[in-house]
Amino acid sequence: MQRDVMEYDVVIVGAGPSGLSTACRIMQLAQEAGQELAVCLVEKGSEIGAHILSGAVIEDRAMNELFPDWKEMGAPLNTAVTGDEVYFLTSDEKSVKTPHWAIPKPMHNDGNYIVSLGNVCRWLGEQAEALGVEIYPGFPAASLIIEDDVVKGVVTGDMGVAEDGSEKDSFMPGMELRAKYTVFAEGCRGHLGKELISRFNLDAGKDPQHYGIGIKELWDIDPSKHQEGLVLHGAGWPLSESNSTGGFFLYHTENNQVVVGLITDLSYSNPHVSPFDEFQRMKHHSCATDTS
Ligand SMILES: Cc1cc2nc3c(=O)[nH]c(=O)nc-3n(C[C@H](O)[C@H](O)[C@H](O)COP(=O)(O)OP(=O)(O)OC[C@H]3O[C@@H](n4cnc5c(N)ncnc54)[C@H](O)[C@@H]3O)c2cc1C
């Protein structure tokens, strides 16, 4: 099949926080060195942020390094964390609050921000474009271009393909995006990443990856219960009933909203465990209802 070919210095796959930060940093370095670089970023979502799970607590360290004046620039880190609470749920009604001194260090969120990660990505996308990155949302990188055992770029997905695989009238073959450097920032379990890991044995001598299923909801709550900046984490019930592990989170973000979720570790041995139903049960616990 004849494909259009476009040549770049750098092609980046995926417009999550990592792909967008990479794009911005490469352009900043090029500008500092007085060099012109052609950088292209493809994202399979219909727009930047479309495939990003919003509602996260993030550190501002990387943002400080990338854009030291991000506050003046209007980055959407609007809700500073004001309090951390960690609970162990002992039953469907009861819980024990962990004293502050006993909370493990990585779970302390002093100085962190509750954000919509989708909005952070949209903002990073604007910065990347202003720095001269060509961004193509709606373009999945479908396959790798590997020649002489060297990654030379990616091929974007064909458009206008019918369900049975035949070409519709609107068929358009994907393009070859060739580059000196290709950066894969597909997130976890990206299909190209899996191919690269297996082909180049990138996991040799490494720990196997661990996975969980995370379900997240955004709630509008009674303003009288809203405590902007409060971060709650917890473990125990309901997963403890099936000897499974994981934990819940509840973040009071701006606009009287809370982000609520449950992560179920994918190491559960009871095949009847249903992460969705466990989340439904967890939402009725007083830890969730009293604080939201
Ligand atoms: C339920 C849940 C809660 C979380 N909460 C937090 C939190 O509170 N704080 C925190 O710091 N982290 C949190 N995380 C982790 C955080 O979301 C990830 O660490 C972060 O999103 C990883 O960024 P990334 O850019 O590597 O990948 P991703 O954010 O996964 O972005 C990858 C992007 O690449 C695109 N893409 C993938 N494949 C292709 C392809 N072939 N072609 C084109 N585009 C492609 C995707 O559409 C996506 O936009 C949470 C994760 C989950 C699942």
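Both ligands and their constituent atoms are indexed starting at 1 by order of listing.
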Atom 39 (C) of ligand 1: any protein heavy atom closer than 4.0 Å: yes
Which residue in the set Ile145, Ile12, Leu192 passes side-chain contact (heavy atoms from CB on, under 4.5 Å) when paired with Val154? Leu192
I'd like to check which ligand 1 atoms, numbered from 1 as shown, lie under 4.0 Å from a non-hydrogen atom of Pro140. 42 (N), 43 (C)
Closest heavy-atom approach to atom 49 (O) of ligand 1 among Arg189, His191, His51, Glu43 is made by Glu43
Counting both backbone and side chain atoms, is some N or O of Val57 under 3.5 Å from an N or O of ligand 1? yes
Looking only at protein heavy atoms, which one is nearest to atom 43 (C) of ligand 1, and what is the separation? Lys44 N, 3.3 Å
Is a side-chain donor or acceptor of Asn119 paired with a backbone partner of Pro76 at a separation under 3.5 angstrom? no
Below 3.5 Å, can you tabulate the donor-acceptor pairs from side chains in residues 91-107 to any protein atom, sequence neighbours excluded?
from: Ser91; atom 1: OG; to: Glu93; atom 2: N; distance (Å): 3.1
from: Ser91; atom 1: OG; to: Lys94; atom 2: N; distance (Å): 3.0
from: Thr98; atom 1: OG1; to: Val86; atom 2: O; distance (Å): 3.1

Considering all protein heavy atoms, does one lie under 4.0 Å from atom 14 (N) of ligand 1? no
Within 4.0 Å of atom 29 (O) of ligand 1 (strictly less), any protein heavy atom? yes
Measure from atom 17 (O) of ligand 1 to every heavy atom in Leu41, Leu117, Leu53, Val13 and give the option owning the shortest one. Leu117
Mind listing the side-chain donor-acceptor pairs of residues 171-182 below 3.5 Å, one per line with the distance, residues two or more places apart or on another chain?
from: Glu176; atom 1: OE1; to: Arg178; atom 2: NE; distance (Å): 2.9
from: Glu176; atom 1: OE1; to: Arg178; atom 2: NH2; distance (Å): 3.3
from: Arg178; atom 1: NH1; to: Glu147; atom 2: OE1; distance (Å): 3.4
from: Arg178; atom 1: NH1; to: Glu147; atom 2: OE2; distance (Å): 3.3
from: Arg178; atom 1: NH2; to: Glu147; atom 2: OE2; distance (Å): 2.7
from: Lys180; atom 1: NZ; to: Asp9; atom 2: OD1; distance (Å): 2.6

Per atom 24 (P) of ligand 1, closest listed option by heavy atom (Gly16, Ala15, Ser18, Gly212): Ser18
